[in-house]
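Worksheet for the structure shown next.
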Amino acid sequence: MKTVLITGAAGFLGSHLCDHFLSEGYKVYGMDNLITGDLQNIEHLFTNEHFTFYHHDVSTYVYIPGKLDYILHFASPASPIDYLKIPIQTLKVGSLGIHNLLGLARVKSARILIASTSEIYGDPLVHPQTEEYWGNVNPVGPRGVYDEAKRFQEAMTMAYHNIHDLDTRIVRIFNTYGPRMRLNDGRVLPAFIGQAIRGEDLTVFGNGSQTRSFCYVDDLVEGIYRLLLSDYHMPMNLGNPDEISILDFAEEIVKLTGTSQKIVFKDLPEGDPEKRRPEISKAKEILGWEPKVKRADGLKITYEYFKTLDHDHLYKNEHKNFEKYFR
Ligand code: UDP
């Protein structure tokens, strides 16, 4: 039986990856320090004999007994609100965390795939973003802690690949959505759907002309799985090129939820990228992958999920474990 360690296992993407690898017949070790992750996302796996959970912070020494074939590093705060509140932890998980995991991959002779992000392109001057573009990042801007941590992570991973011949993969993930996103993490999709469910106005930042391209989680997970099993070690974009302005997106959510609330405009946060759309011809050619789920279908499934959440998830602004990590 192949074994895989997934960090950030209780998070949005990590939990879907745990499900996927278990369904493919792997033994899965899930690791999370639960700063932004939620055990509810993996509660259904605790009775699975092929799943083991470690409550651990990967920024400190990581130990896993026995053999390990694959490591997927998905632990990190990932929304602008989160990494503004816990910037030091964000930097640590992308630097100390990746160092520990690369070391673990070496001793286990495991293949390691790391989650990078479209944020490494910053506020891009090239559109759509190809893997060859180096980005436009302000290291000391509000998003710098996340962007630079992820850029360091890519550099460190390539260094281990080049110096130690480590078997590495790097995925640059563009905006992804689906069930198990945290409703109040500030991301636009849970923000709009949460507002609609609570009967609040939908808050569009700026004039809403900035664009994003949203990928449904099942498509992304399939792409990550294919990348892991491929022999491609350079960074690869995964995302859905179907681009939409945030104002049009808000209108789609109004329609989907049938809310009678208004769309209201708020200040655009500093450093908010103007445009974002992945160029995915590498993924098409090398992995034979492209997204299949249309936004209308993915949004319906996601809305149904959010409607099942309890009062705390709907109304609490912050994750319950957040406070104790404030330093
Ligand atoms: N956004 C918005 N209203 C909200 C939350 C976000 O208009 O209540 C905008 C935000 O300014 C950004 C876009 O939606 O332009 C996507 O934001 P998100 O935080 O989801 O992701 P990112 O900016 O990292 O792509």
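Not measured: the values here are computed from a predicted model. Counting convention: from 1, in listed order, for ligands and their atoms alike.
Considering backbone and side-chain atoms alike, Y83 places every N or O at 3.5 Å or more from each N or O of ligand 1.
Every heavy atom of S79 sits 4.0 Å or more from the atoms of ligand 1. Within the structure, the closest approach of F192 to ligand 1 falls below 4.0 Å when heavy atoms are considered. Ligand 1 has R276 within reach: a non-hydrogen atom of the residue lies less than 4.0 Å from it.
Ring centroid separation for the pair Y70 and F21 does not come in under the 6.0 Å cut-off. Taking the ring centroids of Y177 and F12, they lie at or beyond the 6.0 Å cut-off.
Taking CZ of R187 as the reference point, atom OG1 of T176 lies at 8.5 Å (rounded to 0.5 Å). To the nearest 0.5 Å, atoms CG (L227) and OH (Y232) are separated by 9.5 Å. To the nearest 0.5 Å, the span separating CD1 on I81 from NZ on K85 amounts to 5.5 Å. Once rounded to the nearest 0.5 Å, the distance linking CD1 of I120 with OH of Y133 reads 9.5 Å. Going from atom CG of L125 over to atom CG of N136 covers 4.0 Å, rounded to the nearest 0.5 Å.
Evaluated by nearest non-hydrogen atom to atom 16 (C) of ligand 1, the leading choice among M181, Q195, R212, E119 is R212. The residue from L202, I246, L189, T203 that puts a heavy atom closest to atom 3 (N) of ligand 1 is T203.
Note: Y83 and Y146 have parallel aromatic rings, judged against thresholds of 30 and 60 degrees for the angle between ring planes. A tilted orientation is assigned to the rings of Y54 and Y29, their planes being inclined by 30° to 60°.
Using a 4.0 Å cut-off between heavy atoms, N175 contacts ligand 1 through its side chain alone, with no backbone atom that close. Residue R143 touches ligand 1 through its side chain alone, judged by heavy-atom distances below 4.0 Å. Only the side chain of P80 comes within contact range of ligand 1, with a heavy atom under 4.0 Å; no backbone atom does.
Ranking the protein heavy atoms by distance from atom 21 (O) of ligand 1 puts R187 NH1, 3.1 Å first. Taking atom 20 (O) of ligand 1 as the reference point, the nearest protein heavy-atom neighbour is V188 N, 2.8 Å. Scanning the protein heavy atoms around atom 10 (C) of ligand 1, the nearest turns out to be D272 OD2, 3.3 Å. Here the heavy atom of the protein found nearest to atom 7 (O) of ligand 1 is F205 N, 2.7 Å.
Residue A191 approaches ligand 1 through these ligand atoms, each under 4.0 Å from one of its heavy atoms: 8 (O). Taking a cut-off of under 4.0 Å to the non-hydrogen atoms of V204, the atoms of ligand 1 that pass are 7 (O). Against a heavy-atom cut-off of under 4.0 Å, Q210 is close to the following atoms of ligand 1: 9 (C), 11 (O), 15 (O).
For the 3.5 Å distance criterion, the side chains of Y160 and H99 qualify, holding a donor opposite an acceptor.
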